[in-house]
2 protein chains.
Amino acid sequence: MKGAVVPHTRNRSRDELNVTDDLNVTDASNLATAGSAQPVTPRASRRGRPAATIYDIAKLAGVNPSTVSRALSKPGRINVKTEERIQAAAKELNYRLNPMARALPTGRSSTLGLLLADITNPMFFDVVRGAERAASLRGYTLILAESQESADRESAAAERLSPSVDGLVLVTSRMSDAKIVELTDRQPLVVINREVDGVPGIVPDIAPGIDEALAHLGGLGHTAIGFVSGPENSWMNRARWAALLVRAPQRGMTIVEIGPGVPTLDGGAAALDRVSASGVSAVLAYNDLMAIGLMRAAQARGLTVPGDLSIIGFDDIFGSDFTSPQLSTVRTPLGSIGERAVRLILDVIDEDAGESPHREIGPQLITELVVRGSTGPAAR
Amino acid sequence: MKGAVVPHTRNRSRDELNVTDDLNVTDASNLATAGSAQPVTPRASRRGRPAATIYDIAKLAGVNPSTVSRALSKPGRINVKTEERIQAAAKELNYRLNPMARALPTGRSSTLGLLLADITNPMFFDVVRGAERAASLRGYTLILAESQESADRESAAAERLSPSVDGLVLVTSRMSDAKIVELTDRQPLVVINREVDGVPGIVPDIAPGIDEALAHLGGLGHTAIGFVSGPENSWMNRARWAALLVRAPQRGMTIVEIGPGVPTLDGGAAALDRVSASGVSAVLAYNDLMAIGLMRAAQARGLTVPGDLSIIGFDDIFGSDFTSPQLSTVRTPLGSIGERAVRLILDVIDEDAGESPHREIGPQLITELVVRGSTGPAAR
DNA sequence: GACATTCTGTCAACCGGTTGCCAAAGTGCA
DNA sequence: TGCACTTTGGCAACCGGTTGACAGAATGTC
């Protein structure tokens, strides 16, 4: 008899299974007056066998588990005949790879974390869409987390996500540069709408849109402009203000900053008093949300837009053309930004893994003015 | 000498580490004219030591790894003194538990999958917010996936997520009942806005809102109503239509179904011809997106709302009060629905795990009419 | 002081994959 | 037929945790 020390034997006795078919179909007719929380039918316990593993496949195909692993993830490493047998067994067992089991030895989860400041800001729609597309194209899954405009919550979310994602995309980070650099030291990370020394990032070129906006306003006779400012800790807020501060005087316009404020409808509405008091005839707001909030507050007070006040937003979010008048706004190519950001971080990840460091420099991400109804001639 | 067979020795020589401080700070000044894709600074490779494990803690605290595991996750099982020592070591090493390593033996990932039909439908804002709140309250993370209104893509997403989540929440599923039941057999699952036999779900009570809407329209003199219908495979679409079909005649009104159509702005706009041709003086649309699309299309054609046509939407999404006139709509308590759905699925999960099957039946999730400007007296 | 009971920490198996190393089998070429 | 080289598949360690079983120490009881 051979030696009998079996060091790591797996004894799984899950082959035969119950399937006691006690499904108790409750009659849930009467669609129309649907109740609220439908009571759960007493489901004794999850039926259906546990998910198949490579060990099950190995047994069925009569090979070693490691061979199954290779057949499934290293095409060509295994004899074609064997590979076919394994594929057949996998299909028969309806095998589905367990990503977490794979992530443990490889250290790669094929998962990316996307940190947003505020889910309810429609600006994120397109970013998420674009990111999703680029991610799934390369077999990655996105995990979304929201920081609700708080640097602390953002940093907590990053810490929480960190062990289970291959990389982090910060969409409109509220964290300090130092914290971001610290995170970048630990794992691949890219920022959107922000520049941090030594951290890869995707930032649209805001200059064209702002130039167009100022030219547009100048052409309408406005000479005193306001900037309804967003969060102080937003890099993009500072960037937009900085650009205006340089460019407005170049065109012979005066410009004042009104704020900072929270980047929401309410934040925009809250700026109305200061806007009125400032005597400006036109404002740019940090984003469309604030612009719309301001517009509605102004209208509620009997002012007309653009008669008494011209308003321009940023981003061209969903709904910015619902308003009356429709909002003029500096469009940001959000979808492309999300897409590029994910491609960039995947490149960083691959590079860390020692693969080809190809980095495509695509077309510029430029912004442009969308002229709609909320801008008009300055009152004489 | 004792026996010397060490079966599973871990030899990690990661104690000393490099930290070659070659951070090459590139000067990225000039905020305003930010370029597009900022080139990545040549980052030799990820700096910073690999994440600490319980083995590192064990060595530092002079105990066995299993003791560390217990100290960290089974408070009280371990001597207070030892536990403190371990906690201190964990803090010193900045230890962070690896969720995937934990998920493997326990089979629980503390992660929930949320399947949406369309991220860009603002209806999901509140659902996601509510779900997020309930999930994080109980230590769970949400993974969002989008099916883009396709049953196939939805089912594929469910399959893909399945191995790595503890449960699935289908928000507005487009899959067949059979498929949903099949998934439910494999793992905890709850549906929102849908009733499926034997599958736990959260559905708002649409009757009150629809009654109010019909009463409102009746009071304004409307007798011929249209329902601009959404996707055929949407349970909620059928439910709304079924409710209207029963209730409108009870009030002496006629009602016709116009559709089906895609549940977007464009889908609503596309229904305009059929709405005009039908001769109705008021319509309810499947959701706010279609209602707004229809309203804008009507206005673009020179019709007035509500003068020529009264319009009511469903859900009261973000932006439904941006329009002019503002949209009257049947509000759905989306946030509560998301919250309740997550609580429900966590109960299902706990129950499967053999814990207390407490199930709170909260207040009813009722809908209500929000009267704004898009409804008015019927034309004589 | 003897014995039963509770506390506390260790051992080793296990979750489901991946992968370096190696030997057996197959192939090519002289 | 002999030998070098390539293919192919198995073995066992490993990723980072969890947990049942168990033994030694501490404590309680009479």
Can you check the [X] [atom1] to [N] [atom2] distance for me, whole Å?
| X | N | atom1 | atom2 | value |
| --- | --- | --- | --- | --- |
| B/Leu104 | C/dG17 | CG | C1' | 8 Å |
| B/Lys81 | C/dT8 | NZ | P | 14 Å |
| A/Asn79 | D/dT6 | CG | P | 18 Å |
| B/Asn98 | D/dC14 | CG | P | 18 Å |
| A/Glu84 | D/dG9 | CD | P | 12 Å |
| A/Ile57 | D/dG10 | CD1 | P | 14 Å |
| B/Arg108 | D/dG17 | CZ | P | 18 Å |
| B/Ile86 | C/dG9 | CD1 | C1' | 9 Å |

N/O to N/O distances under 3.5 Å, protein versus nucleotides 18-26 of chain C:
| residue | atom | partner | partner atom | Å |
| --- | --- | --- | --- | --- |
| C/dT18 | OP1 | A/Arg102 | NE | 3.4 |
| C/dT18 | OP1 | A/Arg102 | NH1 | 2.7 |
| C/dT18 | OP2 | A/Ser69 | OG | 2.4 |
| C/dT19 | OP2 | A/Lys74 | NZ | 2.5 |
| C/dG20 | O6 | A/Arg70 | NH2 | 2.5 |

Residue list, salt bridge (charged side-chain N to carboxylate O under 4.0 Å, His left out) with [X], at least two apart or on another chain:
| X | result |
| --- | --- |
| B/Arg96 | A/Glu159 |
| B/Arg133 | B/Glu339 |
| A/Arg129 | B/Asp118, B/Glu146 |

Suppose the criterion is side chain to side chain donor-acceptor pair (under 3.5 Å): which pairs have a residue in residues 71-82 of chain B, not counting sequence neighbours?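 Sorted result for residues 71-82 of chain B: empty, none.
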For the helix from C/dG1-D/dC30 to C/dA30-D/dT1, what angle separates the axis at the start from the axis at the finish, each from five pairs, in steps of 10°?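 Rounded to the nearest 10 degrees, the bend comes out at 30°.
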Partner residues of A/Tyr95 under the side chain to side chain donor-acceptor pair (under 3.5 Å) criterion, sequence neighbours left out: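 Checked A/Tyr95 against side chain to side chain donor-acceptor pair (under 3.5 Å); zero matches.
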State plainly whether the residues A/Arg340 and A/Asp347 are in salt-bridge range, i.e. N to O under 4.0 Å.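 A/Asp347 and A/Arg340: not salt-bridged.
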Under 3.5 Å, which donor-acceptor pairs do the side chains of residues 151-158 of chain A form with other protein atoms, sequence neighbours left out?
| residue | atom | partner | partner atom | Å |
| --- | --- | --- | --- | --- |
| A/Arg153 | NE | A/Ser147 | O | 3.3 |
| A/Glu154 | OE1 | A/Arg174 | N | 2.7 |
| A/Glu154 | OE2 | A/Ser173 | OG | 2.6 |

Tell me every residue that passes side chain to side chain contact (heavy atoms under 4.5 Å, CB included) with B/Ala341, counting only those two or more places apart in sequence or in another chain.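 Counting only residues at least two positions away or on another chain, B/Ala341 forms a side chain to side chain contact (heavy atoms under 4.5 Å, CB included) with B/Val169, B/Val190, B/Ile192, B/Ile202.
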Between A/Thr67 and A/Val63 (side chain of the first, backbone of the second, donor and acceptor by atom type, cut-off under 3.5 Å), is there such a pair?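 Judged by distance alone, no pair lies under 3.5 Å.
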